[in-house]
Amino acid sequence: KIATPAPSASITLNSSTFKMDGSAKTSVKIKFAEKVKVSGYVMNSKGIKLKKLISNKNYNKGTYTVTWDGKNDKKALVTEGTYYFAFEAADSLGNKRTVKSKALKVQDWRKPSFKGETSLIYKEKGPLDISFTISKPGKVTVEIPYGSEKILLTQSFTTPGQKTVTWDGKINENEYMADGSYEITV
């Protein structure tokens, strides 16, 4: 038996930042010095494989481009964070080498979506719950326009998901809003 070196492979990111918007793609160039069989993945910062890009595909000597759309194997966009491309290459003798890219910073550039009530009917003195759902983390401001002023209900950073803001029904510390129909600004 003759000992031979593992196949030579290298990776180059096209950018260290991926501005994921749901339609953009990022790419990586992989270079092989000989014919190899390759499997490739996207991994998170903990080393967990989230997306299989290539599965036991044969490549000749050369440089190749592999793209990624920001989705995992379940076809859902990944969260913001640090990710890596990893490729496992095996030559014809079974020698293997795994190469990992430099860190790829993924940023979520999708516009947030909001679902919830846009108007309310206030009929009594006392608290009122206003529920809404937000698609991504961010600063959320909930206001009720009242004449030339706005009643600020909340202004805070929030995580995605179902949220509820409770309003005490007051315009100020002592005065309740009159019964009526009002708009909500989020």
Side-chain angles (χ1 to χ4, degrees), residues 1-116 118 132-142 154-163 185-186:
K1 231 176 180 182
I2 299 173
T4 58
S8 175
S10 62
I11 297 178
T12 306
L13 289 173
N14 73 334
S15 173
S16 61
T17 303
F18 175 36
K19 296 177 180 179
M20 182 178 61
D21 66 4
S23 63
K25 293 182 180 184
T26 190
S27 63
V28 62
K29 289 190 184 290
I30 53 176
K31 183 177 182 179
F32 304 111
E34 62 186 287
K35 185 175 181 177
V36 288
K37 185 172 278 204
V38 179
S39 292
Y41 307 89
V42 173
M43 302 184 314
N44 65 14
S45 59
K46 295 178 182 177
I48 298 170
K49 295 175 183 175
L50 301 176
K51 175 69 175 180
K52 185 182 281 191
L53 300 170
I54 302 168
S55 182
N56 292 319
K57 186 173 178 181
N58 290 317
Y59 284 92
N60 291 318
K61 176 182 176 179
T63 303
Y64 301 87
T65 300
V66 177
T67 61
W68 178 48
D69 60 5
K71 294 179 182 175
N72 61 23
D73 281 332
K74 295 179 183 177
K75 299 182 181 174
L77 291 170
V78 299
T79 58
E80 288 187 321
T82 302
Y83 294 86
Y84 300 88
F85 288 93
F87 294 92
E88 301 164 350
D91 65 16
S92 60
L93 297 174
N95 297 304
K96 295 180 182 178
R97 178 173 308 250
T98 300
V99 291
K100 187 169 101 171
S101 72
K102 292 182 180 179
L104 174 67
K105 182 74 174 172
V106 174
Q107 299 173 346
D108 188 349
W109 279 55
R110 294 173 294 158
K111 292 180 182 176
S113 65
F114 167 82
K115 292 180 184 175
T118 56
F132 61 93
T133 303
I134 189 150
S135 65
K136 63 184 276 189
K139 183 178 177 182
V140 175
T141 302
V142 181
T154 186
Q155 187 172 30
S156 62
F157 187 83
T158 187
T159 56
Q162 177 75 29
K163 306 295 173 189
T185 304
V186 180

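Both backbone and side-chain heavy atoms feed into the values below; hydrogens, waters and symmetry mates do not. Here the structure is a predicted model, which means the values were calculated and not measured.
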* Taking atom types as modelled, is there a side-chain donor on K19 or S15 under 3.5 Å from an acceptor on the other? ->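 No, no side-chain donor-acceptor contact under 3.5 Å.
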* To do: Would you kindly say whether Q162 and T133 are connected by a side-chain donor-acceptor distance under 3.5 Å?
  =>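 A pair is found: one side chain offers a donor N or O, the other an acceptor, under 3.5 Å apart.
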Can you tell me how far [atom2] of [Y] sits from [atom1] of [X], rounded to the nearest 0.5 angstrom?
X	Y	atom1	atom2	value
D69	T26	CG	OG1	10.5 Å
R110	L77	CZ	CG	5.0 Å
K51	W68	NZ	CH2	9.5 Å
E88	I54	CD	CD1	11.0 Å
S135	D108	OG	CG	8.0 Å
L13	L104	CG	CG	6.0 Å

[X] and [Y]: which non-hydrogen atoms are nearest, and at how many Å?
X	Y	answer
I134	T159	CG2-O, 3.7 Å
T67	S27	CG2-CB, 3.9 Å
P7	A89	CG-O, 3.6 Å
T79	V106	O-CG1, 4.3 Å
N44	Y83	CA-CD2, 3.7 Å
N95	A6	CB-CA, 3.8 Å

* Asked: In terms of ring plane angle, is the pair Y64 and F32 parallel, tilted or perpendicular, where the classes change at 30° and 60°?
  ->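 If you compare the ring of Y64 with that of F32, the planes turn out tilted.
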* To do: Verify the neighbour count for atom NZ of K163: are there more than 12 heavy atoms of other residues, nucleotides or ligands below 6.0 Å?
  =>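 Count over threshold, so yes.
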Say whether, by atom type as modelled, one donor and one acceptor occur between the side chain of [X] and the main chain of [Y] under 3.5 angstrom.
X	Y	answer
D73	K52	yes
T17	K105	no
S101	F85	yes

* Asked: Does NZ or CZ of K49 come closer than 6.0 Å to the centre of the six-membered ring of Y41, within 45° of the ring's axis?
  ->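 Relative to the ring axis of Y41, which defines the angle, K49 lies inside both limits.
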* To do: Start with the C-alpha gap between N56 and V38, add the side-chain angles, then the distance that decides, and say whether side-chain contact (heavy atoms from CB on, under 4.5 Å) holds.
  => CA-CA 5 Å; N56 292 319; V38 179; over 6 Å; no
* **Side-chain touch K61/K31, heavy atoms, less than 4.5 angstrom** =>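 Result no, sub-4.5 Å side-chain heavy-atom pair not found.
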* Determine, stepwise, if the pair E34 / D91 fulfils side-chain contact (heavy atoms from CB on, under 4.5 Å). => CA-CA 8 Å; E34 62 186 287; D91 65 16; 3.4 Å; yes
* To do: Report the C-alpha separation of I30 and T63 in whole Å, then their side-chain angles, then the decisive distance to 0.1 Å, and conclude whether the side-chain contact (heavy atoms from CB on, under 4.5 Å) test is met.
  => CA-CA 6 Å; I30 53 176; T63 303; over 6 Å; no
* Does the pair M20 and V78 meet the rule for a side-chain contact (heavy atoms from CB on, under 4.5 Å), with working shown? -> CA-CA 9 Å; M20 182 178 61; V78 299; 4.3 Å; yes
